Amino acid sequence: EGIKVVAGGLGNVAALYVERLPCPGKFVFAKVGGVEYTNFTPSRSIVFADGTVVKVSTLKPAHVEFIALDHEMFTFRTKSNIYPDGRDPEAFVAFKSLWNRCVAELLVRGRAAGDVDVYHALDFHGGLAPLYLEASGLPPIPVALTLHNALYQGSLLETLDAAEWRKIEAGLQLRNARRYLDSEGDFNMLAALVDYIRRHQKGEGIVGVSHQYGEQVSVDIALFKGLRVGGHPNPMLEEKRPTIPGGAAGLIAHKAACKARVQAELGLEVDASAVLISFVGRWAFEKGIDLIAEAVLAVLEAYSNVQFYVVGPIGDEAGQYAATRLCALSRVEPLNKRLFVRAEFFRVTEEMRFAADFTICPSRTEPFGYVDVEYAWHGCPTIGNLVGGLGKVPGVYYQILEPGDHRHVLGQLLRAIDVALSMDAPTLVAAVRAGLDTSFPIEPWASALDDQYRQVLAFAEPMRARAAAAAELS
């Protein structure tokens with residue numbers, strides 16, 4: 001219907017499920033402000049015991065039904081700021097409580113109608129919904145959990161005392177909330193969901209968005225110790241592949257033309273011989289933005305023919321540091337003709353991708369990685385850390401031997417940039433053309449998703465039996 005509100009890789013994953021879910025499904029989302037949700041039909045509102053009313057509307061253009069939730073706590077957000085502010089614990093908990101209570105109510109309705117069998121959670125965001133069912137005495141529901149980024153766990157990153165826990169329990173309106181959510185003293189939504197899966201599904205039904213990431217999560221994150229986290233690699237839809245005027249043979253000329261236009265649009269010096277390097281992503285420590293902040297100046301000083309564009313929203317303190325440093329650099333002459341910076345959600349155009357000669361992905365962890373594929377399909381190799389889902393397209397990659405040694409990590413990135421910039425023309429052209437040929441088909445993804453659903457559905461009957469037995473005893 002022409003409505004699209006997504007952010008980052010998780011938004012891409014959610015959009016993929018909407019477009020290519022291999023079975024009938026329901027996609028629940030909270031409305032944001034400033035967007036017209038045309039053609040949605042009003043449905044029965046959700047009315048909670050405390051008097052809170054959430055309006056519900058639906059749209060079913062195909063086999064996936066869209067269910068929109070409308071409340072001022074949701075519509076306070078905008079397309080450019082869709083996540084609640086985790087720095088305000090009270091507001092964060094209130095938002096997550098309302099969202100998860102709504103999802104739980106919709107699960108109740110869907111099960112009563114006989115058209116919901118599995119709850120599929122993406123990361124932690126809806127991790128409390130099954131707990132609301134459980135706490136109210138209703139039979140548990142099988143859960144499939146896909147980890148796009150298991151480092152984000154819906155936590156407050158602080159140790160809470162008894163008074164703070166009482167306040168959180170009141171805000172959540174979830175009985176025995178601390179029993180579910182206390183992870184080493186901190187509020188942790190993902191820990192609560194993983195514990196639910198351990199208790200009801202013997203820990204089965206959890207996957208990462210690449211095989212490497214599934215293995216990495218099982219080893220590196222304590223929350224998943226003893227669990228087998230599968231790999232469920234994301235596909236890249238072929239219809240998303242860009243059209244190259246003149247086909248592969250016309251790529252080099254098209255990239256040159258795009259580079260000239262993009263340089264002019266971004267205020268960079270129009271120079272056909274310049275090497276244009278991009279960084280696109282959330283400005284966060286996990287994405288290596290602190291490394292970018294230092295590497296940019298070092299590379300600009302060492303190579304007079306290099307230009308950068310660095311864009312994306314600030315995600316944490318490292319992002320704020322990078323924004324302060326890079327924005328200041330971009331205002332200094334003559335660097336302002338070689339460096340374009342936007343520390344905000346920024347629409348990266350097809351021309352910007354074609355214009356780039358390299359894209360940098362210095363992530364400390366990268367579950368799948370969309371940016372590297374998007375740029376490879378535009379004839380742009382990656383300079384990146386060989387971690388998680390990275391390394392699936394041609395480029396120059398480095399490995400980190402001492403993650404806690406900042407000098408080592410930055411040095412590895414700078415050495416990889418040096419290798420890329422010293423690459424001879426035939427080698428670079430070969431990497432560019434190889435990137436065009438990469439593919440990530442939908443069929444294995446759909447088959448793996450079907451397997452994941454069957455895996456968790458096997459626990460449905462035991463769940464019902466245990467719930468019935470518990471009801472008889474009470």
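Index from 1, following the sequence. All values derive from a computational prediction rather than experimental measurement.
Judged by a 6.0 Å distance limit and a 45° cone about the ring axis, R364 is positioned over the six-membered ring of F285.
Between E286 and R282, at least one side-chain nitrogen of the basic residue sits less than 4.0 Å from a carboxylate oxygen of the acidic one, meeting the salt-bridge criterion. A salt bridge is absent between R325 and E294: the closest approach of a Lys/Arg side-chain nitrogen to an acidic carboxylate oxygen does not fall below 4.0 angstrom. Between R353 and E350 there is a salt bridge, since at least one side-chain N of the basic residue sits less than 4.0 Å from a carboxylate O of the acidic one. The pair E351-R261 meets the salt-bridge criterion, since a charged nitrogen lies less than 4.0 angstrom from a carboxylate oxygen. Remark: K255 does not engage D357 in a salt bridge, criterion side-chain N to carboxylate O under 4.0 Å.
Checked against the 6.0 Å centroid threshold, F340 and F346 count as a close aromatic pair.
Listed by chain and number, the residues in a side-chain contact (heavy atoms from CB on, under 4.5 Å) with D195 are R199 (sequence neighbours excluded). The side-chain contact (heavy atoms from CB on, under 4.5 Å) test applied to A431 returns P381, P394, not counting sequence neighbours. Under the salt bridge (charged side-chain N to carboxylate O under 4.0 Å, His left out) criterion, D316 pairs with no residue at all, not counting sequence neighbours. With sequence neighbours left out, the ring pair (Phe, Tyr, Trp, His ring centres under 6.0 Å) criterion links Y453 to H120. Taking Q455 as the reference, E204, R228 meet the side-chain contact (heavy atoms from CB on, under 4.5 Å) condition, with sequence neighbours excluded.
Residue pairs meeting the side-chain hydrogen bond (donor to acceptor under 3.5 Å, both in side chains) criterion with at least one partner in residues 241-253, sequence neighbours excluded, are E238-R241.
With no hydrogens or angles considered, no side-chain donor-acceptor pair links H71 and K31 at under 3.5 Å.
Annotation: K167, atom NZ; neighbour count of heavy atoms from other residues, nucleotides and ligands within 6.0 Å does not exceed 12.
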